[in-house]
Student: 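Next up is a structure, given as structure tokens.
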Amino acid sequence: MFDPQPLLRLDALVAGHTRPVIGPVSLQLTRGEVLGLWGPNGTGKSTLLKAIGRSARVFSGCIERQPDAVLAHLDQQPVRLPAMPVTGRELLRAAGARSEVLETMLPDTLAPLLKRRIDRLSGGQYQLLWICSALATGADLVLLDEPTNNLDPANRAALIEILALERDRRGVLIVSHDHDFLERVCSRLLEARDTGLVEARANR
Amino acid sequence: MTDLLFDPLFHLPLLTGLLLAGLLPVLGALAMLRDEWLAALGLAHLASAGALLGQALGVPALIGATLGALGGGALKTFLSARGNIAYGFMILAGWSATLLIGANTALGEQLARALVEGQLYFAGIAELVAGLLLLALCIRTLPRLMQPMLRARFFPRYETANRLPVWRWHLGLDLLTAGGLAVGTLTLGLMGAFALVLVPAWIAFRLAPSWRWTLIGASLTGVIGYLLAFVAALELDQPFGPMLVGVLLGLALLVGSFERSRLTRPD
């Protein structure tokens, strides 16, 4: 699916909460791209995702999203309640996951867990299911913050496979400290520094 | 014992109570998922205060209670008042108003006492119609609110990121809960209605294998608890509200013990 319009364009964006934390940042993301963002703590990577997801303050510059583009924005940790009497399948349905996608997208390790309550899954299983739920919704732009947190090597490998599926349908922006993971899944890699973002690896 | 259930004198209260005993736990499960179960106690107090204020002004208690609770529910949505502090203030305001209005009006004290104790046996056709109306509203709106509510709970950034009018379904759920608590408080008493919101949902959250069964299980628990309390209160000549709360707490204790023994049992 070729789409010449960028899904997302940041122009000299300065964002933060009570004060600016990151910027000025300029970048653009097109459909089919997986853009990775890494760098030391405190450089405002998560704040940048929140600004794109309309949860942080924009001090100057602008964010242009493709009109009608649907966003999925996942934080570092999935929501955990004291009791969650919701099955994996119900979680996927709540996210708006398309059933035809589920057949192909779910890794073999997760499929048998769909009938179990999500509070009876391990942290890694739940995290992977949570990310799958967002990817299976058909969102045009997916923002993932530290998606490999809690994942063991098998689940991490499953996530790499999932991100490669239906890649042309969406654009993905991933913040992570897991450099090896970003190298494997991203088409472009940016490094956050105090001065802003620098290209760490060009288009692949 | 079953004679009491089929006594024509108690048909109307029994039916009204059964309806609410099936419905309030479903609203309770939704409130618990949103972590807003304490709001139900606040709304029950506001319904109670509204009923008394209505009566003091010559308005039927049912209308006063409904307006009191709906007003609280709407205010809660528009002020984005969430969390224990906000609900604590609702409880205090409702409690204070209930007792002050009760102490200063002719029939108020009697009604205030009835609301605290639970006056199920006096439930009439107005309460039954209100309950049926509430049931119809729930059947119409809950299936549509369920998916956005679950999504907002587990994917909290989705609505903000996509600029969805989240207040609409928050308001919808708040008003349904408020309506349920208003009718419930007038029919089953303040604490009886609150117990039906809290306890069956608490039990179902522990035992149910899925969200669907949580709703079904909470509703069934409410109905079973209600029937047991109805018969016990009549047989033992006890006030209904405290009996209902006692029976539900007993069921919760049983489930808690079962859960503890299951967790400590060696594999």
Side-chain angles (χ1 to χ4, degrees), chain A residues 8 46 49-56 63 65 67-97 114-120 126-127 129-145 173, chain B residues 25-26 28-38 84 142-166 169 198-221 252 255-256 259 262-263:
Chain A
L8 173 73
S46 297
L49 288 196
K50 285 181 183 147
I52 296 167
R54 299 184 172 101
S55 298
I63 303 171
R65 304 167 192 87
D68 303 326
V70 176
L71 266 71
H73 177 192
L74 299 189
D75 279 323
Q76 292 190 16
Q77 299 288 339
V79 173
R80 277 223 174 255
L81 311 174
M84 299 186 289
V86 172
T87 63
R89 190 171 293 282
E90 286 170 331
L91 182 77
L92 289 162
R93 224 177 283 144
L114 288 184
K115 287 183 183 169
R116 281 174 60 183
R117 279 171 59 138
I118 52 178
D119 54 2
R120 289 171 190 165
Y126 178 39
Q127 167 105 359
L129 184 70
W130 195 57
I131 297 170
C132 281
S133 309
L135 291 171
T137 56
D140 302 285
L141 177 58
V142 179
L143 311 175
L144 300 177
D145 197 352
L173 179 52
Chain B
V26 172
L30 297 172
M32 195 164 278
L33 187 77
R34 297 161 79 204
D35 212 9
E36 298 207 332
W37 54 269
L38 193 56
N84 289 343
L142 283 185
R144 275 186 282 178
L145 292 176
M146 205 63 82
Q147 193 251 350
M149 192 207 60
L150 284 166
R151 185 179 59 203
R153 199 64 184 114
F154 293 105
F155 302 92
R157 300 258 180 222
Y158 185 85
E159 283 150 329
T160 313
N162 292 289
R163 279 200 177 131
L164 295 179
V166 60
W169 69 259
L198 177 68
V199 183
W202 183 87
I203 290 172
F205 264 57
R206 261 133 203 91
L207 299 181
S210 66
W211 180 240
R212 186 162 174 259
W213 278 106
T214 302
L215 300 177
I216 295 170
S219 186
L220 284 176
T221 308
V255 169
E259 216 184 8
R262 197 183 56 173
L263 289 174

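Below, read A as the first sequence line, B as the second, and so on, with proteins coming before strands; counting in each chain starts at 1.
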Student: Which one of K115(A), E90(A), R120(A) has the most heavy-atom pairs closer than 4.5 Å to chain B?
Tutor: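 So the answer, after comparing K115(A), E90(A), R120(A), is E90(A).
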Student: At a heavy-atom separation under 4.5 Å, does A69(A) approach chain B through its side chain, its backbone, both, or neither?
Tutor: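 When you check distances to chain B, only backbone atoms of A69(A) fall under 4.5 Å.
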Student: I'd like to know which of G53(A), A83(A), A139(A), A94(A) tops the heavy-atom pair count under 4.5 Å against chain B.
Tutor: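 Ranked by contacts with chain B, first place is A94(A).
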Student: Under a 4.5 Å heavy-atom cutoff, which of R117(A), R116(A), K50(A) has the most pairs with chain B?
Tutor: R117(A)
Student: Of all the heavy-atom pairs spanning T87(A) and P209(B), show the shortest one and how long it is.
Tutor: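 Scanning both residues, the minimum pair turns out to be CG2-O, 3.3 Å.
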Student: By a 4.5 Å heavy-atom criterion (distance strictly below it), what part of L143(A) contacts chain B: side chain, backbone, both, or neither?
Tutor: neither
Student: Among M146(B), R212(B), M32(B), R163(B), which has the most heavy-atom pairs under 4.5 Å with chain A?
Tutor: R163(B)
Student: Return yes if some donor-acceptor pair links the side-chain N/O of R54(A) with the main-chain N/O of E159(B) below 3.5 Å, else return no.
Tutor: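 No, R54(A) side chain to E159(B) backbone: no donor-acceptor pair under 3.5 Å.
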Student: Roughly how far apart are I118(A) CD1 and W211(B) CH2, rounded to 0.5 Å?
Tutor: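 I118(A) CD1 to W211(B) CH2: 11.0 Å, rounded to 0.5 Å.
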Student: Counting a contact as any heavy-atom pair under 4.5 Å apart, which residues of residues 147-156 of chain B contact chain A?
Tutor: Q147(B), L150(B), R151(B), R153(B), F154(B), F155(B), P156(B)
Student: Heavy atoms only, distances under 4.5 angstrom: which of L71(A), D119(A), V79(A), V70(A) has the most pairs with chain B? Name it, please.
Tutor: L71(A)
Student: Can you tell me which portion of R65(A) sits under 4.5 Å from chain B's heavy atoms? Options are side chain, backbone, both or neither.
Tutor: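 The answer is neither part of R65(A).
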Student: Using heavy-atom distances under 4.5 Å, tell me whether L33(B) contacts chain A through its side chain, its backbone, both, or neither.
Tutor: both
Student: What are the two closest non-hydrogen atoms of A208(B) and P85(A), and how far apart are they?
Tutor: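 Heavy-atom minimum between the residues: O-CB, 4.4 Å.
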Student: Going by salt bridge (Lys or Arg N to Asp or Glu O under 4.0 Å), name the pairs with one or both residues in residues 73-86 of chain A, residues two or more places apart or in two chains.
Tutor: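 Passing the test, one end in residues 73-86 of chain A: D75(A)-R157(B).
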Student: What part of S210(B) gets closer than 4.5 Å to chain A, counting heavy atoms only: side chain, backbone, both or neither?
Tutor: both
